[in-house]
Amino acid sequence: TFISQKTCDECNQMVRLDKDKQTVIGNPVDCKFLYVHKEFNPKKPVVLHIGTKSNKNLHNTIIALRGINCHLRIIGKLSEQDKEKLAQNKIVYSNASDLSDEEIRQEYINCDIVNFPSLYEGFGMPIIEGQSVGRPVVTSILSPMKEVASDAAILVNPFCIEELRSAYIRIISDSNLRAELIKKGIDNCKRYNVEAITSINLDNKECLNSKKIIKYLDKGHYGLNNIKERIIDKGLEKLAAADRENAGNMTPGKEEITENVRIVEAERRKISWSRIAAAAACISIAAGAVLISGSRLDKNNIAMNTPE
């Protein structure tokens with residue numbers, strides 16, 4: 001299971017996998033990211049830039065913003081070179097790093113524009129996080145950003161300074177464009193809400209009919225220790241209803257289902273509703289490990305997602 005078609009394609013270039021068992025399931029956006037109205041500040045908008053690694057394209061952003069009256073809010077640790085570039089281009093900015101999830105959410109709420117013209121990503125969470133909160137987004141026309149954003153963001157060539165600059169000016173000067181991007185962005189995020197992503201996972205039999213997945217979840221692999229109760233309930237329901245003969249060797253028998261119930265009941269006592277967004281992603285990642293196991297490959301071979 002892959003988080004984007006791009007990661008799937010890259011994996012297939014590196015390792016040999018059964019294409020019949022490949023599934024693309026995007027990341028869910030945390031349910032805490034809800035629409036929050038904010039009056040746009042056309043005189044000095046806050047442009048939020050998430051990430052300072054080279055692929056996040058901060059330097060081109062800085063050059064493109066030269067002469068535009070705005071406040072660049074940068075999340076991530078700045079290098080001396082970054083600071084020099086900001087000074088050379090006379091950019092008014094502020095910087096923060098090592099923020100909590102709630103602090104990151106507040107950064108989206110406080111900004112006027114979300115800037116994510118990345119050069120390389122496995123998915124691109126800031127796109128849908130910004131759209132969910134109700135902010136116009138500028139992002140890259142490269143994959144997978146253009147697929148994640150759909151037509152609900154301004155897509156630019158991230159290597160072209162003029163395209164970046166034009167995108168910022170258009171958003172700042174055109175209130176109708178801003179309203180359109182916000183409306184389309186909110187609609188686009190429905191594809192990535194927890195219910196939508198969970199539904200895709202539950203419809204994918206490979207993601208549900210293996211006892212290995214329950215064990216991955218129970219052990220808290222990938223740092224996710226809490227599981228959404230409703231997802232587990234639906235998963236067990238499908239496990240119990242699965243037809244062993246038609247589903248193949250991965251379908252657990254009655255004894256295994258009983259064991260799964262015991263494991264889940266123990267885990268259920270530790271469930272936190274605040275981790276709902278992580279649950280679907282956890283199932284997706286665990287399913288990927290199962291698919292890799294079935295192909296006799298180490299799961300580390302498909303760790304293609306660049307940290308956001």
Joint hydrophobic cluster, V138 plus I68, side-chain heavy atoms closer than 4.5 Å: yes
With sequence neighbours left out, write down each residue that passes side-chain contact (heavy atoms from CB on, under 4.5 Å) with E84, or none if nothing qualifies. Q88
Looking only at non-hydrogen atoms, find the nearest pair between P158 and I141 and report the distance. CD-N, 4.5 Å
With side chains defined as the heavy atoms from C-beta onward, is the minimum distance between S132 and I186 less than 4.5 Å? no
Can you tell which of L48, D112, I109 makes a side chain to side chain contact (heavy atoms under 4.5 Å, CB included) with R135? I109
Could you please spell out the steps behind the side-chain contact (heavy atoms from CB on, under 4.5 Å) verdict for I172 and I113? CA-CA 9 Å; I172 293 170; I113 301 171; 4.1 Å; yes
Before you tell me yes or no, could you show the steps for L164 and E162 under side-chain contact (heavy atoms from CB on, under 4.5 Å), namely the whole-Å CA-CA distance, both residues' side-chain angles and the distance that decides it to 0.1 Å? CA-CA 5 Å; L164 279 166; E162 287 306 314; over 6 Å; no
Heavy atoms of P117 and V156 approach each other most closely as CB-CG2, 4.5 Å
Can you tell whether the side chains of E102 and R105 come within less than 4.0 Å, N to carboxylate O? yes
Less than 4.5 Å apart, any side-chain heavy atom of I171 and any of F40? yes
Whether N115 side chain and V137 backbone form a donor-acceptor pair below 3.5 Å: no
Are side-chain heavy atoms of F123 and I128 found at a separation under 4.5 Å? yes
Please check if the side chain of E163 supplies one atom and the backbone of N157 the other of a donor-acceptor pair under 3.5 Å. yes
Would N57 and S118 count as having a side-chain donor-acceptor pair, cut-off 3.5 Å? no
Is a side-chain donor or acceptor of N95 paired with a backbone partner of G76 at a separation under 3.5 angstrom? yes
Any side-chain to backbone donor/acceptor pair from D82 onto S79? Under 3.5 Å, distance only. yes
Flag, side chain of R191 to backbone of V148, donor-acceptor distance under 3.5 Å: yes
From CZ (R73) to OH (Y93), nearest 0.5 Å: 11.5 Å
Is there a donor-acceptor contact under 3.5 Å from the side chain of N89 to the main chain of G67? no
Over all atoms of both residues, closest heavy-atom pair of K38 and N110: CE-O, 3.0 Å
Hey, mind stepping through N188 and Q131 against side-chain hydrogen bond (donor to acceptor under 3.5 Å, both in side chains) and telling me if it holds? CA-CA 8 Å; N188 181 56; Q131 290 177 339; 2.9 Å; yes
Contacts of Y108 that satisfy ring-ring contact (aromatic ring centres under 6.0 Å, His included) - sequence neighbours left out: F33
Where K85 and H59 come nearest, the two heavy atoms and their spacing: CE-ND1, 3.9 Å
Got a donor-acceptor contact below 3.5 angstrom from the T139 side chain to the F116 backbone? yes
Side chains of C70 and L65 in contact at under 4.5 Å (non-hydrogen atoms): yes
